Peer 1: 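Sharing a structure, written as structure tokens. Questions coming.
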Amino acid sequence: MLDRIRASLPALSPAEQRVARLVLVDARSFAGLPVAELAERAHVSKPTVVRFCRSVGYDGLADFKLKLAGTVNEGVPFVHRAVDEDDKPGDLIVKVIDNAVSALLKYRNDAAAHAVGRAIEALTTTIQRGGRLEFYGVGNSGIVAQDAQHKFFRLGINAVAYSDAHVQVMAATMLGPDDCAVLISNSGRSRDLIDTAEIARKKGATIIVMSTSGCPLSQHAQIMLAVDHPEDYDRYSPMVSRLLHLTVIDILTTGVALKLGPELRTVLQEIKRNLRLKRDVPTS
């Protein structure tokens, strides 16, 4: 991120260059200071600080500071980016939860509602046509794919999840124009998933990708559900991204359930009734 700012310096206005140099001199402080103090230190106006953030490719000051914090706050490598070595259990509770909550709130504010709407529509159309609904993910994202299968199964929908690369290729080869493939990836750089997406698209299936903006996998998406986060997937096991992906699956499932209407709710009532009967232990 800091390299990008250095490379952008010649294209910035003189006032924005002053903000950029302030970041490069002390990125850690910049990430924690309010906009008024940043403007005063750089000898610019508050709107100039925001303009600088947008000039270097971010949505605004909040987005810039979130990404910057992810760059300068290393945390404990390979454990968690938000914690420190000497944190007590109480600190861990606050830091881990706050880290997850802030990522969820950021996604809430940044989510493209039109893309989510298109995905819900595509999933619903596939179900109504009796097409195949399949979820693909490898590693940690394979667990999210399984969760998606379970949630749609609870709606009485025949969905399948695949996490094995060879099985994914075979399954994608059998897709057709009435089918929908949802590919889930933390990094969006998995060669296996990219190969699967290429095959599924050639077969005419609708491709929904859930991953980071601008990733290689996104190039094969007809519907892109961008889920961006500051987590460095090379240094930390995916934690925040998994929570975000699970949340998006919940949103899609809820949207499809609403689209399918009252008939589905009757099925859900029956499932709940049967589960309750199975749990109830008869008294002697």
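Computed from a prediction, not measured in an experiment: that's the story for all the values here.
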Peer 1: Would you say the side-chain atoms of Lys65 pair up with the backbone N or O of Leu33, donor to acceptor, closer than 3.5 Å?
Peer 2: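 Looks like yes, one N/O pair under 3.5 Å.
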Peer 1: Locate the shortest heavy-atom distance separating Leu104 from Leu243; write the atom from each residue and the value.
Peer 2: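 Minimum heavy-atom separation between Leu104 and Leu243: CD2-O, 4.4 Å.
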Peer 1: Heavy-atom count check: over 12 atoms from other residues, nucleotides or ligands less than 6.0 Å from Arg191 CZ?
Peer 2: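 Enclosed.
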Peer 1: Any donor and acceptor pair, going by atom type alone, linking the side chain of Glu134 with main-chain N or O of Val160 inside 3.5 Å?
Peer 2: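 Side chain of Glu134 to backbone of Val160, a donor-acceptor pair under 3.5 Å: no, none is there.
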Peer 1: Indicate the atoms forming the closest heavy-atom contact of Ser211 with Ser187, along with that distance.
Peer 2: OG-C, 3.7 Å
Peer 1: Go through it in stages, so that I can follow the logic: the residues are Asn186 and Ser241, the test is side-chain hydrogen bond (donor to acceptor under 3.5 Å, both in side chains), and I'd like the CA-CA distance, side-chain angles, deciding distance and then a yes or no.
Peer 2: CA-CA 6 Å; Asn186 175 51; Ser241 61; 2.8 Å; yes
Peer 1: Assign the ring pair Tyr58 / Phe64 to parallel, tilted or perpendicular, where the plane angle (0 to 90°) is split at 30° and 60°.
Peer 2: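 Perpendicular, since the angle between the ring planes exceeds 60°.
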Peer 1: Are Val101 and Ile251 linked, directly or through other ILVMFWY residues, by side chains that come within less than 4.5 angstrom of each other?
Peer 2: no
Peer 1: Can you tell me how far CZ of Arg118 sits from OG1 of Thr206, rounded to the nearest 0.5 angstrom?
Peer 2: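 Thr206 OG1 to Arg118 CZ: 9.5 Å, rounded to 0.5 Å.
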Peer 1: Does one hydrophobic cluster hold both Val116 and Leu246, with members joined at side-chain heavy-atom distances below 4.5 Å?
Peer 2: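 Yes.
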Peer 1: Can you tell whether the side chains of Asp63 and Lys106 come within less than 4.0 Å, N to carboxylate O?
Peer 2: yes
Peer 1: For a 4.5 angstrom cut-off between non-hydrogen side-chain atoms, does Leu260 reach Ile157?
Peer 2: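 Side-chain contact under 4.5 Å: yes.
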Peer 1: Would you check if the side chain of Thr196 reaches a backbone N or O of Asp192 as a donor-acceptor pair within less than 3.5 Å?
Peer 2: yes
Peer 1: Drop me the distance from Ile93's CD1 to Lys88's NZ, to the nearest 0.5 angstrom.
Peer 2: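 Between atom CD1 of Ile93 and atom NZ of Lys88 there are 13.5 Å.
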Peer 1: Give the table of side-chain donor-acceptor pairs shorter than 3.5 Å for residues 35-43, with sequence neighbours excluded, one pair per line with atom names and distance.
Peer 2:
residue : atom : partner : partner atom : Å
Glu37   : OE2  : Arg41   : NE           : 3.4
Glu37   : OE2  : Arg41   : NH2          : 3.0

Peer 1: Counting only N and O atoms by type, is there a donor-acceptor contact under 3.5 Å from the side chain of Asn109 to the main-chain atoms of Leu105?
Peer 2: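 Yes: the side chain of Asn109 pairs with the backbone of Leu105.
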Peer 1: Check the hydrophobic clustering (I, L, V, M, F, W, Y; side-chain heavy atoms under 4.5 Å; chains of links allowed) and say if Leu217 and Leu252 are grouped together.
Peer 2: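 No, separate clusters.
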Peer 1: Set out, in order, the CA-CA distance, both residues' side-chain angles and the distance that settles side-chain contact (heavy atoms from CB on, under 4.5 Å) for Thr48 and Ser45, then state yes or no.
Peer 2: CA-CA 5 Å; Thr48 298; Ser45 66; 2.8 Å; yes
Peer 1: What distance do Leu183 atom CG and Arg201 atom CZ have between them, rounded to the nearest 0.5 Å?
Peer 2: 11.5 Å
Peer 1: Should Val209 and Ile223 count as side-chain neighbours, where that means a heavy-atom distance under 4.5 Å?
Peer 2: no
Peer 1: Nearest 0.5 Å, please: how far is CG in Leu155 from CZ in Phe153?
Peer 2: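 Phe153 CZ to Leu155 CG: 10.5 Å, rounded to 0.5 Å.
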Peer 1: Does a side-chain N-to-carboxylate-O contact under 4.0 Å join Lys151 and Asp250?
Peer 2: yes
Peer 1: In this structure, are over 12 heavy atoms from other groups packed under 6.0 Å from Asp110 atom CG?
Peer 2: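 Yes.
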Peer 1: Specify the closest pair of heavy atoms between Pro10 and Arg6, including all atoms of both residues, with the distance to one decimal.
Peer 2: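 Smallest interatomic distance, heavy atoms only, reads CD-O, 4.1 Å.
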Peer 1: So, taking the atom named CZ in Phe135 and the one named CD in Gln146, what distance separates them when rounded to the nearest 0.5 Å?
Peer 2: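 Reported to 0.5 Å precision, the distance equals 12.5 Å.
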Peer 1: Scan side-chain atoms only and decide if Ser213 and Asp228 contain a donor-acceptor pair under the 3.5 Å cut-off.
Peer 2: yes
Peer 1: Nearest 0.5 Å please: distance from the OG1 atom of Thr126 over to the CD atom of Glu121.
Peer 2: 10.0 Å
Peer 1: Is the side chain of Ser218 donor-acceptor paired with the backbone N or O of Cys215 at a distance under 3.5 Å, no angle test?
Peer 2: yes
Peer 1: Say whether Tyr136 and Leu123 are linked into one hydrophobic cluster, either directly or through other cluster members, by side-chain heavy-atom distances under 4.5 angstrom.
Peer 2: no
Peer 1: Which atom pair, heavy atoms only, marks the closest approach of Ile120 to Val256?
Peer 2: CG2-N, 3.8 Å
Peer 1: Check whether Ile127 and Ile207 end up in the same hydrophobic cluster, where Ile, Leu, Val, Met, Phe, Trp and Tyr are linked by side-chain heavy atoms less than 4.5 Å apart.
Peer 2: no
Peer 1: Is a side-chain N or O of Ser163 found less than 3.5 angstrom from the main chain of Gly142, in a donor-acceptor match?
Peer 2: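 No.
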Peer 1: Excluding sequence neighbours, so at least two apart, what forms side chain to side chain donor-acceptor pair (under 3.5 Å) with Ser55?
Peer 2: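 For Ser55, the residues satisfying side chain to side chain donor-acceptor pair (under 3.5 Å) (neighbours in sequence not counted) are Glu16.
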Peer 1: May I ask you to decide if Arg132's main-chain N or O and Asp179's side chain share a donor-acceptor pair within less than 3.5 Å?
Peer 2: yes
